Amino acid sequence: MGRRTSEGLRLFLLAFSLSLPVYVLTLAPTVSGEDSGELITAAATLGIAHPPGYPLWCLLGKAFTVLVPFGNVAYRVNLCSATLGACAAGVIALLVRRFTRLAGGDSFAVPLGGGFTVPLTAALCFAFSRDFWAQSVVAEVYSLNVLFLALVLHLALLWDDTREPRCLYLLTFAYGLSLTNHSTMGPLGVAIAAYVLWRTPWILRRPLLLLNLVGSVLVGFSIFLYLPIRSLADPPMDWGDPETFAAAARHVLRRQYAGVEGVRPRVLSEQAVLVACFLKDFAMQLTPLLAPLVPIGLWRHWRAERRSCVLLSVLFAASTLGIIWLFNYPAVREDLVVKRTFFIPAYAIAAVWLGLGLDFGLGLALRIGLSLGARTGLGPGLGFRLGIGDRTALDLGPRSGPGIAVRRGPRFDLGALARGLGSKLGSRLALLAAAATPALPLAWHWRENDKSDYLYAEDYARNLLLSLKERAIFIPTSDHSTFPVIYLQEVEGLRRDVLLADRYGGIEDRFLDRLFQDEGRERRGGRLARPPPAAGAPRPEKIRWLVEESRRPVFLTVKEPLGTERFQLAPRGLILEAVPAGHKPDVAELDALWESYRWSEGTFTKAPRDYTADMVLADHFVARARHRLLKGQRREALDDMRSAAAHAWGIKEPLNNIGGELAEQGLAAEAIPYLLAAWEVEPGYPTARRNLAVANEGAGKYAEGLPWFRLQLRETPSDRAILLAAARGAAALGLVSEALTHYFRLARLAGDDAEVLAEVKAFLEKERCSPELIADYGERLKAAEEARKRRHEELVQALEAGQGGAGAPQASGVPSPPLPQVPSPALDPLDEARSLHPNLEPLGPGLPGLPGLPGPR
């Protein structure tokens, strides 16, 4: 046992010491994308990360921030991931060594380098695989997750081999710890526990031992007590606020994501597409040249030890097919990128089979080399006998009987020489091939995983903070615009005056309550502020309250409904500012802001190497196009939009934002291709559907837009913008009855909107409707114009008196009236038009009907 432990330690340290330098050379120097900024902040401040909280990872990350004496905080936490990744590679090497020794009965298995070469080679190939390497050079939890999986699996097999009690206790304790890092260890641990009980069922007959083992799991699991303890201290990163047992349990069980994961209907064909996407990614992990060795290794594993082969196969299936079935995500770029990290445990298991496949291939090559040396004879007849293994032989060349026969000339027996040279040469060539094998994934994935100059996320976050006014409220909408800002604020101490309204995947009620209490009930001008919306209110209501009631300027990263006509969104560099309606931006000030931005060298010239970099660049180009449109630089703006789309291709939100921005700027025809691209990414995407309806109307493409109008009105029959677009489209196509229906519904919704009433009256006059109906709308239009004039006079008086804050006056505590509820359109638009206006006279014969236009693709 002692000698085996010593050999295992040497192998572990060898794999660790060869993989860690590569990780350090390619380590991210600061905060990166996805969850990096949030996790670094949680570790540095001993806070609470996103569900399930990752308490053990936070403690380990904090230890590195204290013990490592160089680099910024982000670099130190990144180094923690690298160290854990190198440890995982070391344990993978131990697993491979066990299985290659088991497969030693195979005639092609030849130990190389004292039995260390193949395990070390397989471990390094996994260490340099695409996704595991990528997660080991940034602040992420997956390197620790793989370390626990490999360690628990190693301990379970060690228990099976030795039946030493300490292996069983270490196994259960390590499993309890693993549950505090990643939720995937739950189902994977069940399979490992079933294997242990299958191999040693007598454990079930020893209740005291069972109780001790459960206690060992709970000791490791008790790290979760960190959540309520630290949450009571209100750290800067306090996701879920798990101060109570119920809140902590909700956080650990990831209840925040309930209703998000796996809500799509499961369709077999779509699941098959996801499996195909996984297989493509799987081939890229170890490179397509090494991936074929994995099934060979699986075959050898089955021959050598079927029981452990079943265990690893179950774990592999649970980490691949199980993930695909559970999450049931669409096969689009964003989801494929986000979800592929969940497959990393499967790649770790595949590394074990890779080791067995390598052992087979190298052993086969060595045997062939030895056979060539030991059984080769040469003569003028060039005949020779080639032996492969111990059972087969291939006779080639002139012969008169069994073996090698030379008909003319002397016989040259080179056996002795070949045995002396062939053995050494074959071994050395096999060792050289084994040593060179990890260089293949190393070179293949180096550029993609070299984060040593990765500054996209930090540069973007710094420029976002530079764009914000003093004491601003910032409402980001994506991880790459939220978590790096949190890191810069809470760890680096930048712009502490800025409040992030959306830190944890939504605008939390507790944030609004604290803001209301901290700023006091009195607003500028002495007006009593309205309390925040009720708990669980929709996001637009919360944004509206922040815009209308807060004393602070409000900024967003993308255009979202403000829920009020008193304010609008205006461009301010990389972001948008909520300003009073009618506000005119200061172009010179915005030019100076753009000049103040700082980006690292190569940001816009080098090809980005990950999803976050693409999103940062897409956001930058969209914002710059928005600024250029403000200055009337249409051609340059369209070029920027094309650049943004090139980075965001295959991601529905930025493509939709590009199209929506162009449509809003009067470039509806140019917007349609981007909106169609967003729809193609996810057919049924509501925002793209609505924007396509508006853009087709704006471009005058009524025939193309009519299916979109109808489709959108089925979902939102009271949408005034779509009703207006549908009415204009139907009118342009001569669909009078449908146009009348939409116009009448719009007039009913718009109330005293003078512009809408004027357009309805003009259409009635054009179609020669009843004089009474036209006169009725004339009276309504006159009253609406008088009401608008009065409102304007009241606004001027209020502003002169210094009342009403940044916007138009509004009664204190009185919300705007809700829109009236209007039934969905009837099957016959003319019948509905008559129901809305009973005095509508027949329009005469030949009224055009509704053509059967096809729906959107």
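In this text the structure is predicted, and so the values were computed from the model without any measurement.
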With a 3.5 Å distance limit and no angle check, can you tell me whether [X] reaches the backbone of [Y] through a side-chain donor-acceptor pair?
X: N657; Y: E653; result: yes
X: R496; Y: Q489; result: yes
X: T287; Y: P441; result: no
X: S81; Y: V138; result: yes
X: Y175; Y: L149; result: no
X: H445; Y: L286; result: no
X: E34; Y: T612; result: no
X: R130; Y: M284; result: no
X: R572; Y: F555; result: no
X: R76; Y: V66; result: no

Over all heavy atoms of both residues, which pair between [X] and [Y] is shortest? Give the atoms and the distance, please.
X: S319; Y: L188; answer: OG-CD2, 3.6 Å
X: G355; Y: V118; answer: O-CG1, 3.2 Å
X: I92; Y: A150; answer: CD1-CB, 4.0 Å

Answer yes or no: is there a side-chain heavy-atom contact under 4.5 Å between [X] and [Y]?
X: I651; Y: Y611; answer: yes
X: L315; Y: P345; answer: no
X: L46; Y: P235; answer: no
X: L556; Y: V558; answer: no
X: V146; Y: V91; answer: no
X: F621; Y: P654; answer: no
X: L464; Y: F474; answer: yes
X: S32; Y: K451; answer: no

Q: Could you note down all residue pairs passing side chain to side chain donor-acceptor pair (under 3.5 Å) where residues 593-602 supplies at least one of them, sequence neighbours left out?
A: D459-S600, S467-Y597

Q | Qualifying side chain to side chain donor-acceptor pair (under 3.5 Å) pairs, either residue in residues 230-243, two or more places apart | A | S231-D238, S231-D241, W239-Q256

Residues in salt bridge (Lys or Arg N to Asp or Glu O under 4.0 Å) contact with [X], at least two apart in sequence or another chain:
X: R609; result: D453
X: D619; result: none
X: E490; result: R503

Excluding sequence neighbours, so at least two apart, what forms side-chain hydrogen bond (donor to acceptor under 3.5 Å, both in side chains) with [X]?
X: S481; answer: S478
X: T320; answer: none
X: Y456; answer: none

Q) What do the steps show when you test L171 against V152 for side-chain contact (heavy atoms from CB on, under 4.5 Å), and what is the final call? A) CA-CA 6 Å; L171 164 64; V152 168; 3.4 Å; yes

What pairs of donor and acceptor atoms, side-chain ones from residues 51-64 against any protein atom, are under 3.5 angstrom apart with sequence neighbours left out?
residue, atom, partner, partner atom, Å
Y54, OH, H50, NE2, 3.4
W57, NE1, E140, O, 3.0
K62, NZ, A44, O, 2.9

Relative to each other, are the rings of [X] and [Y] parallel, tilted or perpendicular (30° and 60° limits)?
X: Y23; Y: F128; answer: perpendicular
X: F342; Y: Y142; answer: perpendicular
X: W133; Y: W446; answer: perpendicular
X: W353; Y: F316; answer: tilted

Q) Any chance the rings of F278 and F343 have centres within less than 6.0 Å? A) yes

Could you list the residues that satisfy ring-ring contact (aromatic ring centres under 6.0 Å, His included) with [X], not counting sequence neighbours?
X: F221; value: F224
X: F483; value: none
X: Y487; value: none

**Q.** Inter-residue atom distance L18.CG - T121.OG1, 0.5 Å rounding
**A.** 10.0 Å

Q: Return yes if a side-chain donor-acceptor contact under 3.5 Å exists between S136 and S143, otherwise no.
A: no

**Q.** Stepwise side-chain contact (heavy atoms from CB on, under 4.5 Å) test for Y454 and V137
**A.** CA-CA 11 Å; Y454 192 94; V137 294; over 6 Å; no

